[in-house]
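Side-chain atoms are counted along with the backbone in the values below, which use heavy atoms only and exclude waters and symmetry mates.
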Protein chains: 2
Amino acid sequence: MTVVNFPSKSRPGGQRRRRPEIIEAAARVFAERGFHGTATQDIADLLGIRQASLYYYFPSKEAALEQVCLKGVEGFFEAAKLIAESNASARERLSLLINSHLSPLADRADFVKVFLNERQHLPTESRRRVGRWSRGLERIFEDVIRQGVAAGEFRADVNPRLAALAVLGMCNAAASWYRKENVGISRLSVEFARLIVEGLGKRDPPPRRHR
Amino acid sequence: MTVVNFPSKSRPGGQRRRRPEIIEAAARVFAERGFHGTATQDIADLLGIRQASLYYYFPSKEAALEQVCLKGVEGFFEAAKLIAESNASARERLSLLINSHLSPLADRADFVKVFLNERQHLPTESRRRVGRWSRGLERIFEDVIRQGVAAGEFRADVNPRLAALAVLGMCNAAASWYRKENVGISRLSVEFARLIVEGLGKRDPPPRRHR
DNA sequence: GATAAATTCTATAAACCGATAGATGGCTTT
DNA sequence: AAAGCCATCTATCGGTTTATAGAATTTATC
């Protein structure tokens, strides 16, 4: 009976310890050339193994995309939901939402990028799933903005739906250039949050003083 | 000698009158499935012709992409430059820039979308070209914002580079959802411009009145 | 209506790519 | 060191896709 808790027995079908590394390589290449622009050979090259060896780690190229996308959205929704449900002001919550939405760029930019650009190529089932997920996130932003309007924190003539899409678009676009620009996430978050809440314009052009 | 100015003689190698239609079909399919996700067969299907017939209109699939991308950026830069060089206020110019940047979505959303999402797959030479073009446009937005800061119209602590990327990201993202959301360009432009210049926040939370 | 030009078709070559099957070697455990 | 599992390899099949060649058909011109 000797039950062993070492890495043995427990798994009937292989451990595949290198799996995370494989998925990371896939993310890198997918991010750079896109899903259909990538041959499985490209992933193998990056890893220094043979093309066919990849199939020990996933059953199909699409399955690999699915894994990458999953890691690309992991936690987003939950974090956003927590923030949205806190009882801070709408301004504060929106700023936190922006920060939370940008944070993953720091350590998994490729995964996020692949999710954003390649999710359309997921098999039907999981594409639907991430569709729902995506709409849920939009809704969270939209609701916080709507609450801000209702509370008198935000302008009354704001269209919460459009504003939410604007904010998300702005943040998501950062995935494309975050690495090239030399700016940290916290700096970026602050800049974006202030841009959205306060705008670019100066508050009170003070009554013109004579020099 | 009889020189004819009718549509004859002038072109030695064919007229290819259907070319615009062909390119439009390519744009449609590229926009939906991406460049590498599209087979030339798909374009042919949409047109009701045979796959091989396409090659009467362009020498390669990449060349078709090039044409689509070209139409996707046509005029952007020139329009933006004119606006940036006008002597309106920075606020006004930025609003006009946003409007001008969104306008093409009305009648060539597919072309714009393809340019934004698929330009990475252009052959090296033209990719470099649109790279320069793209940076030029960023620069225009950035400069107007910088001038607004210098003129005291915009907050002094704004990072013009990041703000420009934010605005462009916001506008470009609209290409993905413009059709689904039922909103006209003018409405969208106004909303976005106000969002960027004034922000979401209310100006003067008036000294708290009783209820 | 004859002729020429423009357009579309059929047929197919050649390369590429995803995926499977089964062999091989190395590491772990007993 | 024997046994078994884990990981990778070799070899290859079948399907897809881009692109070319040349015939056939339609359209325009005189």
With the threshold set at 4.0 Å, does a side-chain nitrogen-carboxylate oxygen contact exist between B/Arg50 and B/Asp45? no

Step through the shown structure and confirm whether more than 12 heavy atoms of other residues, nucleotides or ligands are within 6.0 Å of NZ on B/Lys61. yes

Carboxylate-amine/guanidinium contact A/Glu32 A/Arg28, below 4.0 Å: no

B/Asp157 atom CG, neighbour heavy-atom count above 12 within 6.0 Å:
yes

Partner of A/Leu165 under side chain to side chain contact (heavy atoms under 4.5 Å, CB included), picked from A/Met170, A/Glu138, A/Glu142, is A/Glu138

### Query
Are B/Phe35 and A/His36 close enough that their ring centres sit under 6.0 Å apart?
no

Open item on the list: Counting the atoms with a prime plus P, OP1 and OP2 as sugar-phosphate, which does B/Tyr57 contact under 4.0 Å by heavy atoms, base, sugar-phosphate, or nothing?
Closed with: sugar-phosphate

**Message:** Is the phosphate of D/dC6 approached by A/Arg18 (side-chain N or O, under 4.0 Å from OP1 or OP2)?
**Reply:** no

CG/B/Asp107: more than 12 non-hydrogen atoms of other groups inside 6.0 Å:
yes

From NE2 of A/His36 across to C1' of D/dT17 the rounded distance in Å is 13 Å

Using a cut-off of strictly less than 4.0 Å, decide whether A/Tyr56 has a side-chain nitrogen or oxygen near OP1 or OP2 of D/dT8. no

Under a 4.0 Å heavy-atom cutoff, the residues of residues 44-53 of chain A touching DNA chain D are A/Ile49, A/Arg50, A/Ala52, A/Ser53

In whole angstroms, the gap separating C1' of C/dT12 from OH of B/Tyr55 amounts to 14 Å

In whole angstroms, the gap separating C1' of D/dT29 from CD of B/Gln15 amounts to 12 Å

Whichever of B/Arg17 and B/Thr40 has the more 5' nearest nucleotide on DNA chain D, that residue is B/Thr40

### Query
Do A/Asp143 and A/Arg146 sit within salt-bridge range, that is, some charged N less than 4.0 Å from a carboxylate O?
yes

Of D/dT8, C/dG18, C/dT7, the nucleotide closest to the side chain of B/Arg16 is C/dT7

When rounded to whole Å, the CZ to C1' distance for the pair A/Phe35 and C/dG18 reads 10 Å

To the nearest angstrom, the CD1-P distance between A/Ile43 and C/dG18 comes to 8 Å

Residue A/Arg127 excluded, over 12 heavy atoms near CZ under 6.0 Å: yes

A/Glu74/A/Lys71 ion pair, N-O < 4.0 Å
no

Per the under-4.0 Å heavy-atom filter, residues of residues 20-30 of chain B near DNA chain D come out as none

note: A/Gln41, atom CD; D/dC9, atom C1'; distance rounded to Å ~ 13 Å

Self-check item: Between A/Gln120 and B/Arg33, a side-chain donor and acceptor under 3.5 Å
Solution: no

Expected list for residues 60-72 of chain A near DNA chain D, using heavy atoms below 4.0 Å, is none

